[in-house]
Enquirer: 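After the structure tokens below, expect a handful of questions from me.
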Protein chains: 2
Amino acid sequence: MEGLPIYLQNYRCLLTVTIYDIAREAKVGIGTVSRVFNNHPNVKPKTREKILSVAKRLNYHPHAYAQGLARRRTNTIAAIIPFFTNYFFVEILQGIQDKITNLGYDLILYGINHPREIDEYLRKSDQRGRVDGILFFSSKLPESFVERSHVDSKPLILVDAFHERFDSLHVDNFKGAIAATNHLIQLGHTNIGMINANLNNTPARERKDGFADALKAGGIELRPQNIVETNVIKNDGYTREAGYSSMKQLLNLGTDRPTAVFIASDVQAIGALSALRQAGLRAPEDVAIVAYDDIELAAHFGLTTMRQPMYRMGELAVEKLFQRMENPAMPPSHVHFVPTLIVRGSCGMNKNYSLAEEFLQTSD
Amino acid sequence: MEGLPIYLQNYRCLLTVTIYDIAREAKVGIGTVSRVFNNHPNVKPKTREKILSVAKRLNYHPHAYAQGLARRRTNTIAAIIPFFTNYFFVEILQGIQDKITNLGYDLILYGINHPREIDEYLRKSDQRGRVDGILFFSSKLPESFVERSHVDSKPLILVDAFHERFDSLHVDNFKGAIAATNHLIQLGHTNIGMINANLNNTPARERKDGFADALKAGGIELRPQNIVETNVIKNDGYTREAGYSSMKQLLNLGTDRPTAVFIASDVQAIGALSALRQAGLRAPEDVAIVAYDDIELAAHFGLTTMRQPMYRMGELAVEKLFQRMENPAMPPSHVHFVPTLIVRGSCGMNKNYSLAEEFLQTSD
DNA sequence: TAAATTTATGGAAGGCCTTCCAATCTATCT
DNA sequence: AGATAGATTGGAAGGCCTTCCATAAATTTA
């Protein structure tokens, strides 16, 4: 406290040291102080030193909002993400954060717990001077937003979502579903089912289309009773519970039940596995399974599944956002990731799949 | 675009409508415009209407940073959270976000992927005008930070961490571990082991202490070889891999191996379960298990475990932060949560535990 | 109707920074 | 030494809002 000039000693709470205080104490102009803190080259080393020492003594730190206002840049971006996407979301977030930290940016997180919040968060993010750009995840961009947006709107990148007018980074659910289904076809199955999530969910619809297409291309009959959809609202049906009851439903088909099932997510697959076990059946012997996502636990269950490059997607989303911020006039670009098939035990191809091996590979 | 006054029509990108534009167009003073947007009561309804209509026509939205600068309040808080806490962290985050959204606040998320980032994020959060308060999770507050903090520092709440000089919200790992261990003792076990995480981790140390204490109080010998610690760095050892190899190590004790094990986290327990299965052993018949956390998947594995009220902790953390912001002089308060024991199948007490039942209860 | 309140309004000042231009200094060159 | 170019510096203006005070308008009261 001793270093503080008299006129500040009585301040509590609003003890706020400004650039003017530094300038006065160091007997320089405010411009020079500013220059020092912005690493402007044209400052005499002596002057710089003196300013820094005064700043340190008074514990000065530039005011973020004042900087933002003056620079017309917040150095912050917003991410609007459904919380329920859980694993997906944590990994993407890591990718985002790592990238962004290097660039000196901050992240405002808007987690969607209820659809009504989407509009609210979009509005906030789009407010002047709140953030420099927006990442929007896994939901449908509301039409109201699209309409009021125009050429000069804030940069926005869609991730795991699509709209022609905005940059997007999209996992090709259609192709992913085709690959998954083809894998089952190639293993010789002809009675193939699908356990899907709630059709309100765009990826769910796309995965269904891919499934249907693959069957058709493979000349395999699509039995309507083999496709189980869910009306579960929670997490759009991407839950263990939903997977569990969906599998039960398939098992109710009796001897007519599919010998192989494509499941829209690993989480559901885990639930489906329980249902199988409870019925005294096993995967892949009784029912072969290919799932989707490759969450961390997929390995534990030996799930053959479609892997989405989540961390990388987070990174790339940030990269694209910065490109867009630098060059707002660019036409929208759309990147498609095609998920890759990870073969483990649940499809029946890899007879010797062993969890222990994966442990050996991944342990440090 | 038609509604725009001439002098704005050519602006691109910086098309930025200010309070002055509104005032001019509506033929009022800027003060009145400001009052309208702040819902100040003393504005004639006619005037208010006119201003709102002009604002709408010009698509005016107040500038967040300018407001922040003038109000000396950012309406934003920072959360510094280790990303690896995963499940824990997502649930807490939901609690935070729900609470905060109601209060009109935003959240800046600083996810720690590497210890070195802690200091950096703390420094940023603590910068003038960046956020109004800080939530700090599950890590040790660096001494350097404690030292430079003083009475007038920014409000900060520790969650799942402790320091006498700051408000904290702490899960009592010691008591939790005692409860878990006692449960195994009451089930009649006398040869009890523990699988712990990396001792660098504070909760891990506390859980170990609780375990040792409970044994002592129960008059049960603590065999050093029964306690397995890990030197895994990743996630401080809270990983399936670590749990897997720890259990292997216990099994290597042969016939002397413990008949019951307290495991420091559900994630590790899942790994341990694999090790058991691979060795042809079962829980609880061969080894009874009580774990810690009650992540969503714990039910799936029928894990008996210590539940931490994560969502509620998120909410409460925000509440405490706001109390602190309102009353900075308050002496620090410390809330202890005691985790509750959730009995499922893995401890051997609940012979009829069935996953299906939980599904029935929780499904919507 | 005049005086006294109450309500509504305008706009300067203040919040804290960056940026730019003009002014000053220093070093280099002739 | 004087001229010139380059380095360094000061500080006004601008970024956009809130708040407060003085003033003006409307309403109530006597």
Side-chain angles (χ1 to χ4, degrees), chain A residues 8 11 13-52 54-55 58-76 104 127-132, chain B residues 7-8 11 13-52 54-55 58-76 104 127-130 132:
Chain A
L8 273 180
Y11 273 61
C13 226
L14 270 184
L15 165 147
T16 174
V17 184
T18 76
I19 213 172
Y20 287 87
D21 299 315
I22 307 300
R24 185 167 352 93
E25 289 283 311
K27 301 190 205 318
V28 296
I30 55 161
T32 306
V33 179
S34 175
R35 256 165 250 135
V36 167
F37 280 93
N38 288 291
N39 288 316
H40 197 288
N42 286 357
V43 179
K44 233 197 267 174
K46 270 255 169 88
T47 319
R48 160 168 283 124
E49 236 172 75
K50 185 173 14 153
I51 290 176
L52 284 178
V54 171
L58 301 192
N59 191 29
Y60 168 81
H61 294 280
H63 188 289
Y65 271 30
Q67 286 186 316
L69 187 56
R71 290 184 183 148
R72 270 159 258 187
R73 199 154 32 84
T74 64
N75 275 288
T76 304
Q127 193 195 358
R128 267 186 318 141
R130 169 97 44 198
V131 298
D132 299 336
Chain B
Y7 58 90
L8 274 181
Y11 273 63
C13 224
L14 270 185
L15 165 148
T16 174
V17 185
T18 76
I19 214 172
Y20 286 88
D21 298 315
I22 308 299
R24 182 166 354 91
E25 289 283 312
K27 300 188 206 317
V28 296
I30 55 162
T32 307
V33 178
S34 175
R35 256 164 249 135
V36 167
F37 280 93
N38 288 292
N39 288 316
H40 196 286
N42 288 357
V43 179
K44 234 198 267 176
K46 271 257 169 83
T47 319
R48 160 168 281 125
E49 235 171 77
K50 179 159 38 134
I51 290 175
L52 284 177
V54 171
L58 300 193
N59 191 30
Y60 169 80
H61 293 280
H63 189 289
Y65 271 30
Q67 286 186 315
L69 186 57
R71 289 183 183 147
R72 268 159 263 186
R73 198 154 33 82
T74 64
N75 275 289
T76 303
Q127 192 194 0
R128 267 186 320 142
R130 168 97 46 197
D132 299 336

Enquirer: For B:R71, which residues count as a side-chain hydrogen bond (donor to acceptor under 3.5 Å, both in side chains) partner, sequence neighbours excluded?
Expert: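 B:R71 satisfies side-chain hydrogen bond (donor to acceptor under 3.5 Å, both in side chains) with B:N38 only.
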Enquirer: So which atom in B:T74 and which in B:G129 form the shortest heavy-atom distance, rounded to 0.1 Å?
Expert: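 Smallest heavy-atom distance, with atoms named: CG2-O, 3.6 Å.
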Enquirer: Over all heavy atoms of both residues, which pair between A:T18 and A:Y60 is shortest? Give the atoms and the distance, please.
Expert: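 Heavy atoms of A:T18 and A:Y60 come nearest at C-CE1, 3.7 Å.
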Enquirer: How bent is the helix from C:dT1-D:dA30 to C:dT30-D:dA1, measuring the angle between the end axes built from five pairs each, rounded to 10°?
Expert: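 Inter-axis angle at the termini of the helix from C:dT1-D:dA30 to C:dT30-D:dA1: 40°.
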Enquirer: If you take all heavy atoms of A:G29 and A:A23, which pair is closest and at what distance?
Expert: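 Nearest pair, atom of A:G29 first, then A:A23: C-CB, 3.9 Å.
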Enquirer: Mark yes or no for whether A:R128, through its side chain, and B:V17, through its backbone, hold a donor-acceptor pair below 3.5 Å.
Expert: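 Yes, the answer is positive, given that a donor and an acceptor are paired below the 3.5 Å cut-off.
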Enquirer: Just by protein heavy atoms under 4.0 Å, how would nucleotides 7-18 of chain C read 5' to 3' in B, S and -?
Expert: -SBBBB-BBBBB
Enquirer: Please find the pair of heavy atoms, one from A:A26 and one from A:I51, that lie closest to each other, and give the distance.
Expert: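 Taking A:A26 first and A:I51 second, the nearest heavy atoms are CB-CG1, 4.2 Å.
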Enquirer: For A:Y65 and B:Y65, take the angle between the two ring planes, folded into 0 to 90°, and tell me which bin it lands in: parallel under 30, tilted 30 to 60, perpendicular over 60.
Expert: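 Aromatic pair A:Y65/B:Y65 classed parallel.
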